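Below: one structure, written as structure tokens.
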2 protein chains.
Amino acid sequence: MALATKKLPSAKLRSAAFKRVRADHSAELAGDYVEMIADLIDERGEARCTDIAMRLGVANATVVKTLKRLQTAGLITQEPYRAIFLTVEGWKMAEDGRRKHAIVEKFLLALGVSQETARIDSEGIEHHVSTETLRAMGKFLARNGG
Amino acid sequence: MALATKKLPSAKLRSAAFKRVRADHSAELAGDYVEMIADLIDERGEARCTDIAMRLGVANATVVKTLKRLQTAGLITQEPYRAIFLTVEGWKMAEDGRRKHAIVEKFLLALGVSQETARIDSEGIEHHVSTETLRAMGKFLARNGG
DNA sequence: TTGAAAGTTTAGCATAGGCTAAGTTATATG
DNA sequence: CATATAACTTAGCCTATGCTAAACTTTCAA
């Protein structure tokens with residue numbers, strides 16, 4: 001009990017981090033979908049299956065299946081062969097994601113990485129950033145002319 | 001073709017980001033396992049199933065199954081009922097992960113977040129950080145006394 | 001040395017998230 | 001208005017990653 005645990009977090013604390021990562025992953029896909037649906041609605045008035053599939057780089061059938069889960073989760077509504085809509089909760093999640101995404105992307109740019117890298121990395125990082133870290137990024141942006 | 005694509009990346013470029021995220025995710029678990037196995041070997045001389053399961057917060061059987069994939073992938077070696085070893089490639093991946101992890105965690109600390117948050121967030125962020133971003137984080141650390 | 005506890009493996013199940021191929025509906029055009 | 005094309009859905013497959021329960025080894029101590 002002495003040497004080994006001197007400054008290391010306990011096994012329980014360690015596992016909490018991995019559990020959060022796994023939880024983040026389940027939420028991630030939903031977040032990406034609603035954010036993209038919101039973008040499509042804003043850009044072109046409606047969100048269609050095909051556009052989502054193209055932008056995500058997956059097959060159409062995959063999108064259909066996922067949309068069913070999102071509907072069950074109460075994030076979207078849809079009728080057969082029609083466009084997709086966000087529920088109130090869906091919009092909230094989309095806005096949250098956009099806000100987070102924007103901060104992370106701007107932060108990476110301010111840190112000095114290229115536009116392209118900021119765009120790509122922020123997509124992955126966005127979902128693993130806690131409120132505290134997001135706030136720290138915001139402060140950094142304020143200091144460094146974001 | 002004019003208005004819509006003014007400053008937005010094309011659908012193909014967009015989808016590339018999501019494809020990278022998906023690829024990162026498949027590599028992520030392997031990275032976490034080998035890093036943890038390396039830690040266990042360093043800390044206590046050997047890595048056992050149970051310790052990995054405890055630290056990851058998953059069931060024992062899940063670890064066994066995953067270890068089989070890692071063996072097939074050439075990252076570890078193991079014999080029934082014995083401790084787990086890393087191959088040369090496994091060690092390389094573990095070292096890579098540790099290096100990355102350390103930079104991201106120190107970076108978050110330097111950014112001003114708490115020890116606890118740095119530990120947790122770095123676990124998720126680590127796998128989505130490109131070489132370019134990692135270098136930018138390193139530079140920031142150099143400037144800010146990392 | 002033998003038997004219980006601890007650790008490991010197998011079997012079998014579930015869900016998420018991919019895919020292709022084939023069928024169905026909507027829409028746009030000749 | 002009829003039909004070809006585009007969009008959507010269904011069916012059925014696969015792998016990854018989780019679980020529990022049960023079976024099997026190892027190890028340690030009486």
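For the numbers below, each heavy atom of this structure counts, side chains included, while hydrogens, waters and symmetry mates do not. From a predicted model like this one, the values you see are computed outputs, not experimental measurements. Throughout, a chain's letter reflects where its sequence line sits, starting with A, and its residues are numbered from 1.
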Lys/Arg-Asp/Glu bridge criterion (N-O < 4.0 Å) met for D96(A), K92(A): no
Can any side-chain N or O of T62(B) pair as donor or acceptor with the backbone N or O of V58(B) at less than 3.5 Å? no
Interface polar pairs with nucleotides 1-6 of chain C, N/O, under 3.5 angstrom:
none

Any ion pair linking D51(B) and R55(B) (charged N to carboxylate O, less than 4.0 Å)? no
Give T50(B) one of three labels, base, sugar-phosphate or nothing, depending on what nucleic acid heavy atoms sit under 4.0 Å from its own. sugar-phosphate
Interface polar pairs with nucleotides 2-6 of chain D, N/O, under 3.5 angstrom:
none

5' priority, DNA chain C, between R22(B) and A83(B) [closest heavy atom]: A83(B)
Contacting residues from residues 63-71 of chain B, given that a heavy atom lies under 4.0 angstrom of DNA chain D: K65(B), R69(B)
Taking protein heavy atoms under 4.0 Å as touching, what does nucleotides 23-28 of chain D look like 5' to 3' if B marks base contact, S marks sugar-phosphate-only contact and - marks none? -BS---
Using C1' atoms of five pairs at each end, report the bend of the helix from dT1(C)-dA30(D) to dG30(C)-dC1(D) rounded to 10 degrees. 0°
Find the distance I84(B):CD1 to dT8(C):P and express it as a whole number of Å. 7 Å
Between dT17(D) (P) and Y33(B) (OH): distance, integer Å: 8 Å
Using modelled atom types and a 3.5 Å cut-off, is there a donor and acceptor pairing between side-chain atoms of Q78(A) and backbone atoms of F85(A)? no
Any ion pair linking D32(B) and R22(A) (charged N to carboxylate O, less than 4.0 Å)? no
Closest approach to the side chain of A61(A), judged atom by atom: which nucleotide of dT9(C), dA21(C), dT20(D) is it? dA21(C)
Taking ring-ring contact (aromatic ring centres under 6.0 Å, His included) as the cut-off, I'd like each qualifying pair that reaches into residues 25-66 of chain A, sequence neighbours left out, listed once. H25(A)-H128(A), H25(A)-H25(B)
